[in-house]
Amino acid sequence: DTSFLERQAVILCLELLMTTKEFDDLSIEAVAILQYAGYHYLIREKWIMGITGAQTKDGGWLWNSAHKETNTHTSVLALWALLEYTNPGRSLNWIGLD
């Protein structure tokens with residue numbers, strides 16, 4: 001059974017993703033968190049396409065559109081979210097967090 005706090009976190013992540021206008025650090029993190037928590041079935045393909053579409057020419061991701069340089073934190077979250085989407089439940093083994 002999921003806890004109240006976990007349900008609230010899932011609801012907040014989904015609300016953020018339903019209203020996001022750009023895939024920035026916060027929205028990418030919401031996708032990663034939902035998947036990490038085991039809610040792969042809630043992830044929409046359009047969110048994954050939003051993440052891939054936000055990738056910059058140098059291969060990274062911006063903190064948000066106001067920043068002009070890629071951000072390490074955002075880039076790692078994006079890669080994690082994409083890896084988890086393609087290999088549900090296995091990404092932590094691949095990045096050494098298991």
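Any value given below was found using the heavy atoms of this structure, including those in side chains, with hydrogens, waters and symmetry copies removed.
Proximity of F23 to L17: side-chain heavy atoms (C-beta onward) are separated by under 4.5 Å at one or more points. Using a 4.5 Å cut-off on side-chain heavy atoms (C-beta onward), N87 and L83 make contact. Contact of the E29 side chain with the H73 side chain is registered, since non-hydrogen atoms from C-beta on lie closer than 4.5 Å.
Follow the hydrophobic side-chain contacts under 4.5 Å out from W80 and you never reach L62; the two are in separate clusters. Linking Ile, Leu, Val, Met, Phe, Trp and Tyr residues whenever their side-chain heavy atoms come within less than 4.5 Å leaves M18 and I33 in two separate clusters. No path of Ile, Leu, Val, Met, Phe, Trp and Tyr side chains, each step under 4.5 Å between heavy atoms, connects I11 with L5, placing them in separate hydrophobic clusters. If you chain together hydrophobic residues whose side chains sit under 4.5 Å apart, L12 and Y41 never meet in one group. In the hydrophobic clustering of this structure, Y85 groups with L14; members are Ile, Leu, Val, Met, Phe, Trp, Tyr whose side-chain heavy atoms approach within less than 4.5 Å, directly or through other members.
Side chain of D25 to main chain of I28: no donor-acceptor pair is present (N/O by atom type, distance under 3.5 Å, no hydrogens or angles). Side chain of Q35 to backbone of A81: a donor-acceptor contact under 3.5 angstrom is found. Proximity of a side-chain donor or acceptor of T19 to a complementary backbone N or O of E15 within less than 3.5 Å is detected. Distance alone, capped at 3.5 Å, places no donor-acceptor pair between the W63 side chain and the D24 backbone. Between the side chain of S3 and the backbone N or O of E6 there is at least one donor-acceptor pair closer than 3.5 Å. When atom types are taken as modelled, the side chain of T74 and the backbone of T70 share no donor-acceptor pair closer than 3.5 angstrom. E84 places no side-chain N or O within donor-acceptor distance of the main-chain N or O of Y36, the cut-off being under 3.5 Å.
The structure places CG of L42 at 10.0 Å from SG of C13, a figure rounded to the nearest 0.5 Å.
Taking all atoms of both residues into account, the shortest heavy-atom contact from S75 to W61 is OG-N, 2.9 Å.
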